[in-house]
Amino acid sequence: MSYGSLVALRDVDLEVSPGEVFGLLGANGAGKTTALECVLGLRKPDFGKIEVNGMNVAEKLGSVMEIVGAQIQGASLQDRITPRRALGLFASFYRHASAVMPLAQRFGLEEKLDAPFDTLSTGQRQRLFLALALVNDPRLVVLDEPTAGLDPRARRDLHDLIRSMRSQGRTVLMSTHDLNEAASLCDRVGIIDSGRLLAVGTPASIISSFCADSAVGPAGPSLEEAFLRLTGRPWSPGTETES
């Protein structure tokens with residue numbers, strides 16, 4: 001996948017299993033967001049193919065989107081739209097959609113259903129975007145930095161929601177800058193750097209594979225140490241939005 005002379009992704013070959021939480025790890029500019037946008041059909045790869053539930057995304061995007069929900073970076077809504085209206089609007093896009101009230105209750109939005117979007121807190125907005133991502137009862141949920149900018153309590157609540165998705169049998173594909181978050185939430189992770197997928201496995205297997213001879217203190221080696229071994233530079237995710 002290229003942007004002019006800039007190659008954003010190089011020979012990424014990845015399979016995510018049904019019912020797992022898979023995390024893409026990498027610093028800003030590594031290619032995480034580009035990879036997720038390709039899965040969602042927002043960008044077309046230069047070559048190769050992407051399949052969701054056996055369907056080619058490029059050929060059957062409409063059918064794919066019926067079973068995929070997404071929360072992407074920079075998502076926003078009109079200032080005065082309410083969660084009730086937003087959920088109703090998104091539900092109207094699908095042949096099979098969840099009712100508004102159960103979604104609102106599940107994501108703790110029932111008291112804010114008629115509040116304008118611009119009055120919601122950051123955590124409430126994130127919960128609304130997650131509710132919108134699940135309005136079509138998707139099999140695959142794609143989350144791009146879902147906890148970015150959240151306070152600790154809102155982050156914990158969102159982690160619980162992601163775990164509940166897994167317990168319901170949904171597949172979650174997410175990107176994150178937070179290595180502790182990845183180790184806690186993800187069944188498997190993929191470390192991506194400069195557009196290349198360097199390693200895939202459980203957090204524990206990646207650490208043991210690349211840090212077998214490491215002694216970095218009483219806590220033992222970590223994903224941060226594994227990233228250093230893989231890339232030759234320390235973990236420094238940064239905070240700016242990835243293109």
Side-chain angles (χ1 to χ4, degrees), residues 3 24 28-29 32-44 52 57 61-162 164-165 168 170-178 181 238-243:
Y3 301 97
L24 279 178
N28 282 314
K32 305 185 305 300
T33 294
T34 297
L36 297 185
E37 289 177 345
C38 288
V39 172
L40 294 172
L42 298 175
R43 297 190 186 277
K44 185 177 180 180
V52 174
V57 172
L61 182 58
S63 297
V64 169
M65 289 301 99
E66 286 286 337
I67 62 169
V68 175
Q71 173 267 319
I72 60 176
Q73 280 195 65
S76 189
L77 293 169
Q78 293 176 323
D79 287 348
R80 307 310 294 173
I81 195 171
T82 65
R84 187 189 303 276
R85 289 184 176 179
L87 288 166
L89 175 64
F90 277 58
S92 71
F93 299 154
Y94 300 98
R95 288 175 293 177
H96 305 288
S98 300
V100 168
M101 187 55 71
L103 273 176
Q105 292 173 339
R106 179 179 176 190
F107 288 93
L109 294 168
E110 60 268 38
E111 295 182 0
K112 294 291 183 178
L113 269 176
D114 297 307
F117 178 77
D118 63 358
T119 68
L120 302 181
S121 68
T122 300
Q124 290 164 347
R125 293 183 185 192
Q126 288 286 68
R127 293 203 301 273
L128 174 57
F129 288 130
L130 266 181
L132 293 172
L134 295 186
V135 75
N136 60 324
D137 193 25
R139 299 182 190 178
L140 169 64
V141 183
V142 178
L143 307 174
D144 194 9
E145 302 288 350
T147 60
L150 296 185
D151 61 51
R153 179 176 179 179
R155 183 181 293 260
R156 287 194 299 271
D157 289 345
L158 195 49
H159 286 179
D160 289 342
L161 289 171
I162 292 172
S164 75
M165 293 182 201
Q168 295 163 0
R170 302 185 199 276
T171 304
V172 179
L173 174 60
M174 61 181 287
S175 67
T176 180
H177 288 143
D178 188 329
E181 179 175 86
T239 56
E240 72 276 12
T241 300
E242 181 182 345
S243 60

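Note that the coordinates shown come from a computational prediction; the quantities given were computed from them, not determined experimentally.
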Decide salt bridge (Lys or Arg N to Asp or Glu O under 4.0 Å) for D151 and R156; before the verdict, give the C-alpha distance in whole Å, the side-chain angles of both, and the deciding distance to 0.1 Å. CA-CA 9 Å; D151 61 51; R156 287 194 299 271; over 6 Å; no

Under the side chain to side chain contact (heavy atoms under 4.5 Å, CB included) criterion, do L140 and I67 qualify, and how do the steps go? CA-CA 7 Å; L140 169 64; I67 62 169; over 6 Å; no

Trace of the side chain to side chain contact (heavy atoms under 4.5 Å, CB included) decision for M174 with E181: CA-CA 11 Å; M174 61 181 287; E181 179 175 86; 3.8 Å; yes

Which is it for V57 and V52 under the side chain to side chain contact (heavy atoms under 4.5 Å, CB included) test, yes or no, and what are the steps along the way? CA-CA 7 Å; V57 172; V52 174; 3.9 Å; yes

Which is it for T147 and H159 under the side chain to side chain contact (heavy atoms under 4.5 Å, CB included) test, yes or no, and what are the steps along the way? CA-CA 8 Å; T147 60; H159 286 179; 3.9 Å; yes

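In this structure, N136 contributes its side chain and V68 its backbone to a donor-acceptor pair below 3.5 Å. A donor-acceptor pair under 3.5 Å is formed between the side chain of Q126 and the backbone N or O of P146.
Rounding to the nearest 0.5 Å gives a distance of 11.0 Å between CG of L24 and OG1 of T34. A distance of 8.0 Å separates CZ of R125 from OG1 of T119, quoted to the nearest 0.5 Å. Separating the CG atom in L120 from the CG atom in L77 is a distance of 9.0 Å, to the nearest 0.5 Å. The distance from the CG atom of N28 to the CD atom of E145 is 7.5 Å, given to the nearest 0.5 Å. From L128, atom CG reaches atom CD of Q71 across 11.0 Å, with rounding to the nearest 0.5 Å. Rounded to the nearest 0.5 angstrom, L143 CG and L173 CG are separated by 8.0 Å.
Using a 4.5 Å cut-off on side-chain heavy atoms (C-beta onward), L150 and T122 make contact. With contacts defined as side-chain heavy-atom distances shorter than 4.5 Å, the pair R170/D137 qualifies.
Nearest heavy atoms, L40 versus I72: CD1-CG2, 3.9 Å. Of all non-hydrogen atoms in G123 and A154, the two that sit nearest each other are CA-CB, 4.3 Å. Residues G41 and L61 share a closest heavy-atom pair of CA-CD1, 4.0 Å. Nearest heavy-atom pair across A131 and L103 is O-CD1, 3.8 Å. A pairwise comparison of heavy atoms in F129 and A75 identifies CZ-O, 3.5 Å as the closest pair. Across every non-hydrogen atom of G69 and P138, the tightest pair is N-CB, 3.3 Å.
Counting heavy atoms of neighbouring residues, nucleotides and ligands inside a 6.0 Å radius, atom CD of Q168 exceeds 12 of them. In R139, the CZ atom is not crowded: 12 or fewer heavy atoms of neighbouring residues, nucleotides or ligands sit closer than 6.0 Å. Within a 6.0 Å radius of CD in Q78, no more than 12 heavy atoms belonging to other residues, nucleotides or ligands are found. By the 6.0 Å contact criterion, CZ on R106 is enclosed, its count of non-hydrogen atoms from other residues, nucleotides or ligands being greater than 12.
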